[in-house]
Number of protein chains: 4
Amino acid sequence: MFELDVRSRKPIYEQLTDKVKELIMHGILRADEQLPSVRALSSQLTVNPNTIQKAYRELEREGYIYSLQGKGNFVAALQQGQSESKRAELKEELLRLMAEAVYLGFTETEISSLYRQALDMRREESSHD
Amino acid sequence: MFELDVRSRKPIYEQLTDKVKELIMHGILRADEQLPSVRALSSQLTVNPNTIQKAYRELEREGYIYSLQGKGNFVAALQQGQSESKRAELKEELLRLMAEAVYLGFTETEISSLYRQALDMRREESSHD
Amino acid sequence: MFELDVRSRKPIYEQLTDKVKELIMHGILRADEQLPSVRALSSQLTVNPNTIQKAYRELEREGYIYSLQGKGNFVAALQQGQSESKRAELKEELLRLMAEAVYLGFTETEISSLYRQALDMRREESSHD
Amino acid sequence: MFELDVRSRKPIYEQLTDKVKELIMHGILRADEQLPSVRALSSQLTVNPNTIQKAYRELEREGYIYSLQGKGNFVAALQQGQSESKRAELKEELLRLMAEAVYLGFTETEISSLYRQALDMRREESSHD
DNA sequence: GTGGTCTAGACCACA
DNA sequence: GTGGTCTAGACCACG
């Protein structure tokens, strides 16, 4: 489920947070679903437990998951205010990439096609119940 | 022309490379145009010359600029093979962001609008001759 | 293991990268083997850590080594696509030197003998397990 | 006759010396033949005269050319002792490259073929009288 | 412990 | 004048 590239320049804990966010966004991880325990994930990925811990704490800070003492970590439902600020952030980043896209000659059609591709992927994955 | 955020997590030299790339992509910096000298930029931004140097060498490695012995650093023209691999990279990154966009409820219209906005920005800036 | 000529025109960091490449090519350094830490090599060679760092990053860029976060630098296995372009480069350089060799009266036999010498060196060194 | 790459990392004066040596070695420039004047070459290549001057002085130092006051620069004949030390230098460099060749999987046949290629090139060029 | 970034300031090579 | 290299030494991020 989680694939890490230990040789990457991106810190392992960040690869983990990004991956979890992605799984949530694609609808693969649902609200209130339990995440693997720190120890389980640590031994499965052969990664230092502190690193897993750091990733989970970061996800909690950003509001993607919540932790119940002694029970584990669970996926949080998307909240309103959160959603707004995330939209604004994403918009900025998208605009930056669009500028690159224009520079490299992408057409509007190509961009739209990418959007639909993402849409389809979400539909498929959400249906795997 | 260059603004830095010294408190950012992103290294200064990386902020610089990103900024220069952006300026090139927006057509503000033209092919064969001379960049500020290492020393000039260093004193202007009150940043160590080594840091500027590092940014310039990184940009050279990536093919965005070239350096002439004892003359300075200059904007490189976009090359063919390079362009292809950059397009592929960008496509992947765009797809990743599109998935987020879908998750946060962006519509295809909003995405298209962002693309056109980027297009307009390039047009405007390129016309400042 | 590493010998530097501080009086050479060739920059120290380049002497280092060349030496490491040579050790890898001769099979003395094996894939996934750990290189001396930046600090260790720095004090051993009485060379500034930054210089070692620069050499290691250059080697990473060229695909000869990889760096693991907080663990150290390791020898990378030779990759396919990389190998092709390196072969082409080497071929050009060899052709240039062959022209010199012809000018200076080297015979085909002498050239072949040099090739076998290199072959033998690699065999010997690789067997030191 | 001389092609320079001003964007190269190799200093222009060094590109010049290498090119002249190559022309001599390939038999295109013959002993006692006159080289272009500093001024002529300077304006032809749009390169600073000092740079040409530096290249010629370097070639003279290494024994490839000699200069006659007020007459110009001329190709020197290859001398005995010189030839010996150059052979030794070249042998070392060839051995280094052969090690790379072995590493990248070149066969003895390929190497021999490169040698013959160089031999043929010299034959052809020498015949253009 | 590891590598990565940055500053301050010196010296050299090139054009 | 330009960029390129190097040292000395500090601080941070990662695991």
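Order of the sequence lines sets the chain letters (A, B, ...), proteins ahead of strands, with each chain counted from 1. The structure presented is a predicted model; accordingly, all values stated were derived computationally and were not measured.
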Side-chain atoms of residues 36-47 of chain B: list all donor-acceptor pairs with protein atoms under 3.5 Å, sequence neighbours left out, distances to 0.1 Å.
{"from": "B/Ser37", "atom 1": "OG", "to": "B/Ala40", "atom 2": "N", "distance (Å)": "3.0"}
{"from": "B/Ser42", "atom 1": "OG", "to": "B/Val47", "atom 2": "O", "distance (Å)": "2.7"}
{"from": "B/Ser43", "atom 1": "OG", "to": "B/Ala40", "atom 2": "O", "distance (Å)": "3.2"}

Restricting to non-hydrogen atoms, name the atom on [X] and the atom on [Y] that form the minimum distance, rounded to 0.1 Å.
X: B/Ala101; Y: A/Leu94; result: CB-CD1, 4.3 Å
X: A/Phe2; Y: A/Val20; result: CE2-CG2, 3.7 Å
X: D/Leu104; Y: C/Ser83; result: CD2-OG, 4.3 Å
X: D/Gln15; Y: D/Ser8; result: NE2-CB, 3.6 Å

*Tell me the side-chain hydrogen bond (donor to acceptor under 3.5 Å, both in side chains) pairs involving residues 18-28 of chain B, sequence neighbours left out?*
B/Lys10-B/Asp18, B/Lys21-B/Glu62
*Evaluation steps, salt bridge (charged side-chain N to carboxylate O under 4.0 Å, His left out), between B/Arg61 and B/Glu58*: CA-CA 5 Å; B/Arg61 268 209 313 108; B/Glu58 176 71 15; 2.7 Å; yes
*Can you name the residues that form a side-chain hydrogen bond (donor to acceptor under 3.5 Å, both in side chains) with B/Asp32, not counting sequence neighbours?*
B/Tyr66, D/Arg7
_Just N and O in the side chain of C/Gln53: are any of them under 4.0 Å from OP1 or OP2 of E/dG4?_
yes
*asked:* Under 4.0 Å from OP1 or OP2 of E/dG3: is there any side-chain N or O of C/Asn73 that close?
replied: yes
*For residues 56-67 of chain C, which residues have at least one heavy atom under 4.0 Å from DNA chain E?*
C/Arg57, C/Ser67
_Check this for me, if you would: do C/Glu60 and A/Arg9 make a salt bridge, where the nitrogen-to-carboxylate-oxygen distance has to be below 4.0 angstrom?_
yes
*asked:* For Watson-Crick and G-U wobble pairs within 3.5 Å on both distances, what is DNA chain E written in dot-bracket notation, | included for inter-strand pairing?
replied: ||||||||||||||.
*Which nucleotides of nucleotides 7-15 of chain E have their base under 4.0 Å from a protein heavy atom (B), which only their sugar-phosphate (S), and which neither (-), written as one string 5' to 3'?*
BBB----BS
*Rounded to the nearest angstrom, tell me the gap between atom CD1 in A/Ile52 and atom P in F/dC14.*
15 Å
*Starting from C1' on F/dG15, measure out to CZ on C/Phe74 and report it in whole angstrom.*
12 Å
*Measure from the side-chain N and O atoms of B/Glu33 to the backbone N and O of B/Arg30, and report whether any donor-acceptor pair falls under 3.5 Å.*
yes
